[in-house]
Amino acid sequence: MRIVDIREKTVSIASPIANAYIDFSKMTCSVVAVVTDMIREGKPVIGYGFNSNGRYGQGALMRDRFLARITEADPESLIDKEHNNLDPFAIWKTLMTNEKPGGHGERSVAVGTIDMAVWDAVAKIEGKPLYRLLADRYRSGVADDKVWVYAAGGYYYPGKDDAKLQDEMRSYLDRGYDVVKMKIGAAPLAEDIRRIESVLKVVGDGRRLAVDANGRFDQDTAIAYAEALKPYNLFWYEEAGDPLDYALQAELAKHYDLPMATGENLFSHQDARNLLRHGGMRSDRDYVQFDCALSYGLVEYMRTLEVMEDMGWSSRRVVPHGGHQMSLNIAAGLHLGGNESYPDVFQPFGGFADGIRVENSYVALPDIPGVGFEAKSALYAVMRELGEG
Ligand SMILES: O=C([O-])CC(=O)C(=O)O
Ligand SMILES: [Mg+2]
């Protein structure tokens with residue numbers, strides 16, 4: 001058993017939307033195909049992966065060093081003899097040969113994307129949905145049969161007025177979501193409050209609305225927003241300040257008793273540990289949003305989950321960023337609290353399997369081997385062109 005080829009390409013996920021920090025007019029992502037010599041249903045098994053929005057495609061890093069480390073390795077060294085399968089942990093270690101610690105970012109995206117494709121291949125070789133494989137191997141066979149999801153959107157874009165924002169949020173509720181998320185921080189506070197109030201008219205209750213500042217605020221602004229947001233009793237207040245400014249987050253916690261969320265831009269278990277050590281995050285109410293696709297993949301994610309457990313955090317406090325099927329599998333298989341969903345943006349990479357409905361804000365997973373990409377036809381078309389083309 002061996003990996004015979006790894007292919008990558010960069011695809012556009014550009015759109016006119018903006019959050020408080022960036023617009024997505026030039027956004028790209030990497031797609032990876034790990035081609036193996038294992039045959040299932042008459043065809044070679046190919047594992048697929050992609051990186052979630054917000055960081056750009058990582059083809060250069062992959063081509064410059066990561067892919068060759070795998071293709072040049074002794075194939076025997078990448079095999080999990082116990083399960084007669086590829087070994088994602090050995091592959092991860094090989095990918096990270098001669099990489100110094102620290103400085104996570106970009107490289108963590110390249111590795112996270114390859115790791116996703118490896119796990120997809122492993123689950124396909126084992127003939128199981130990935131979430132089932134994860135539950136069987138790591139959670140005594142107990143998987144969640146559905147995952148809580150919320151609808152993320154509410155972006156700024158040219159010509160978007162409050163009525164359009166309300167229409168967008170109404171359409172999420174119509175599609176079965178209970179909680180929606182909108183962007184804040186690209187407009188002055190008073191204008192954001194007007195936008196929030198207009199969304200509350202649609203969703204009815206602050207507990208059904210989360211807001212995301214994308215790391216835009218300095219400490220004073222973060223606290224000013226906290227004071228203004230408090231009366232609305234929102235679902236969460238996300239990424240108020242710079243993702244690595246743990247002191248800011250800890251100070252914010254002193255001014256804001258309601259749930260906070262952050263972590264989508266922390267890319268290693270060491271960064272996650274620093275957040276929990278120093279960021280004032282409260283394990284009884286706050287949420288962490290680490291995204292495996294951006295943070296060295298599932299091999300590293302398991303380390304992050306271990307860090308959380310060691311520090312007294314339930315895995316149910318994790319609701320990953322990224323709205324992709326990989327995190328959905330991790331959520332169901334390793335018992336996270338839910339997953340982000342982008343019903344309308346970042347297509348075809350955002351969203352879940354075709355024909356799977358959101359019911360009372362929960363989704364089920366398709367019963368096919370792997371991550372489930374083959375059950376999302378628009379996404380699979382892009383992947384297949386790379387893997388089989
Ligand atoms: O706008 C973005 O960069 C995405 C984001 O923060 C989220 O989904 O929470
Ligand atoms: Mg966010």
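Computation of the quantities below employed the complete heavy-atom set of this structure, encompassing side-chain atoms and omitting hydrogens, waters and symmetry-equivalent molecules. The model shown is predicted, which means the values in this text are computed figures rather than measured ones. Order of listing sets the numbers, starting from 1, for every ligand and every atom in it. All residue numbers refer to positions in the sequence shown, counting from 1.
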Can you work out which protein residues put a heavy atom within less than 4.0 Å of ligand 1? Asn19, Phe24, Asn53, Tyr155, Lys181, Lys183, Asp212, Asn214, Glu238, Glu264, His321, Glu340, Tyr342
Determine whether the aromatic ring centres of residues [Y] and [X] are separated by less than 6.0 angstrom.
X: Phe24; Y: Phe346; answer: yes
X: Phe235; Y: Trp148; answer: yes
X: His324; Y: Tyr342; answer: no
X: Phe50; Y: Phe349; answer: yes
X: Tyr237; Y: Tyr256; answer: yes

Is there a side-chain contact between Glu126 and Arg40, using heavy atoms and a 4.5 Å cut-off?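 They are not in side-chain contact.
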Do Arg303 and Tyr296 meet the criterion of a side-chain donor-acceptor pair at a distance under 3.5 Å? no
Run through the protein N/O/S atoms less than 2.8 Å from the Mg ion (ligand 2) and write them out by chain and number. Asp212 OD2, Glu238 OE2, Glu264 OE1
For Tyr177, enumerate each residue passing the ring-ring contact (aromatic ring centres under 6.0 Å, His included) test, keeping only those at least two apart in sequence or located in another chain. none
Using the test side chain to side chain donor-acceptor pair (under 3.5 Å), find all partners of Asp245 that sit at least two apart in sequence or belong to another chain. none
